[in-house]
A.B. asks: 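If you scroll down you'll find the structure; I have some questions about it.
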Amino acid sequence: QVQLVESGGGLVQAGGSLRLSCVVSGRTFSNYAMGWFRQAPGKEREFDAGISWDGRTTYYGDSVKGRFTISRDNAKNTVYLQMNSLKPEDTAVYYCAADRYGDVSGIETRYDYWGQGTQVTVSS
């Protein structure tokens with residue numbers, strides 16, 4: 001069974017930075033494409049960033065381009081989301097997700113496994 005566990009969320013002032021981590025159990029992590037999504041209260045889940053199985057291809061949502069960076073360490077079964085220049089509108093629960101087929105995608109339904117989420121709150 002594949003499990004995803006996010007960490008690194010918290011409270012930060014506007015303009016600050018946070019780095020989220022997601023550790024994935026299982027021996028086939030290096031085959032998965034990975035993604036980060038967010039969901040704010042009362043809103044639908046939104047794609048932020050994705051990375052291919054080998055880390056060579058990344059893809060970002062428009063609202064985070066130039067501010068967020070996704071990366072992965074296949075030796076540690078971990079994907080990261082470095083978030084800089086945070087804004088109050090970035091406040092949300094952030095989820096990592098895994099796509100078994102390895103292709104980068106911003107489409108939520110393409111992802112097969114999800115973590116439980118980590119809260120990020122950005123104060124103004």
A.B. asks: Would you check if there is a donor-acceptor pair between the side chains of T78 and D73 at a distance under 3.5 Å?
C.D. replies: no
A.B. asks: For R72 and S52, what are the C-alpha separation, side-chain angles and deciding distance, and is it a side-chain contact (heavy atoms from CB on, under 4.5 Å)?
C.D. replies: CA-CA 9 Å; R72 66 189 296 159; S52 60; 5.9 Å; no
A.B. asks: Calculate, to the nearest 0.5 Å, the distance between atoms CG and OG1 belonging to N84 and T69 respectively.
C.D. replies: 6.5 Å
A.B. asks: Can you find a heavy atom in the side chain of T118 that is under 4.5 Å from one in the side chain of L20?
C.D. replies: yes
A.B. asks: Rounded to the nearest 0.5 Å, what separation is found between the CD1 atom of I70 and the CE atom of M83?
C.D. replies: 12.0 Å
A.B. asks: If you take all heavy atoms of Q82 and S17, which pair is closest and at what distance?
C.D. replies: NE2-CB, 3.9 Å
A.B. asks: List the atom of C22, the atom of M34, and the distance in Å for their closest heavy-atom pair.
C.D. replies: SG-CE, 4.5 Å
A.B. asks: Checking R45 against W114: charged group under 6.0 Å from the ring centre and within 45 degrees of the axis?
C.D. replies: yes
A.B. asks: Determine, stepwise, if the pair W36 / Y80 fulfils side-chain contact (heavy atoms from CB on, under 4.5 Å).
C.D. replies: CA-CA 9 Å; W36 285 97; Y80 304 97; 5.8 Å; no
A.B. asks: Can you tell me if Y60 has over 12 outside heavy atoms packed within less than 6.0 Å of its OH?
C.D. replies: yes
A.B. asks: Drop me the distance from C96's SG to E6's CD, to the nearest 0.5 angstrom.
C.D. replies: 4.0 Å
A.B. asks: Would you say that R100 contacts Y113 through its side chain, given a criterion of any heavy-atom pair below 4.5 Å between the two side chains?
C.D. replies: yes
A.B. asks: Is any side-chain N of the basic residue among K87 and D90 closer than 4.0 Å to the acidic one's carboxylate O?
C.D. replies: no
A.B. asks: State yes or no: do V93 and F47 share one hydrophobic cluster built from I, L, V, M, F, W and Y residues joined by side-chain heavy-atom distances below 4.5 Å, directly or via other members?
C.D. replies: yes
A.B. asks: Any side-chain heavy-atom pair from L4 and V23 closer than 4.5 angstrom?
C.D. replies: no
A.B. asks: Quick check: closest heavy atoms across T91 and V122, and the distance to 0.1 Å?
C.D. replies: OG1-N, 2.9 Å
A.B. asks: If every non-hydrogen atom of V79 is compared with every non-hydrogen atom of F29, which pair is closest and at what distance?
C.D. replies: N-CZ, 4.2 Å
A.B. asks: I'd like to know if the side chain of D103 pairs up with that of S105 as donor and acceptor (distance under 3.5 Å, no hydrogens or angles considered).
C.D. replies: no
A.B. asks: Could you walk me through whether V2 and V24 pass the side-chain contact (heavy atoms from CB on, under 4.5 Å) check?
C.D. replies: CA-CA 7 Å; V2 178; V24 182; 3.8 Å; yes
A.B. asks: Which heavy-atom pair separates A14 from S124 by the least distance, and what is that distance?
C.D. replies: CB-CA, 4.4 Å
A.B. asks: Using 0.5 Å steps for rounding, measure from the CD atom of E44 to the CD atom of Q39.
C.D. replies: 8.5 Å
A.B. asks: Membership question, hydrophobic clusters at under 4.5 Å side-chain separation (ILVMFWY): are V104 and Y95 in the same one?
C.D. replies: yes
A.B. asks: Is any side-chain heavy atom of F68 closer than 4.5 Å to a side-chain heavy atom of L81?
C.D. replies: yes
A.B. asks: Considering only heavy atoms from C-beta outward, does the side chain of L18 approach that of V120 to under 4.5 Å?
C.D. replies: yes
A.B. asks: When rounded to the nearest 0.5 angstrom, what is the spacing between CG in N77 and OG in S30?
C.D. replies: 7.5 Å
A.B. asks: On the six-membered ring of Y94, is R38 placed so that its NZ or CZ lies under 6.0 angstrom from the centre and within 45° of the ring axis?
C.D. replies: no
A.B. asks: Which heavy-atom pair separates G106 from F37 by the least distance, and what is that distance?
C.D. replies: O-CE2, 4.0 Å
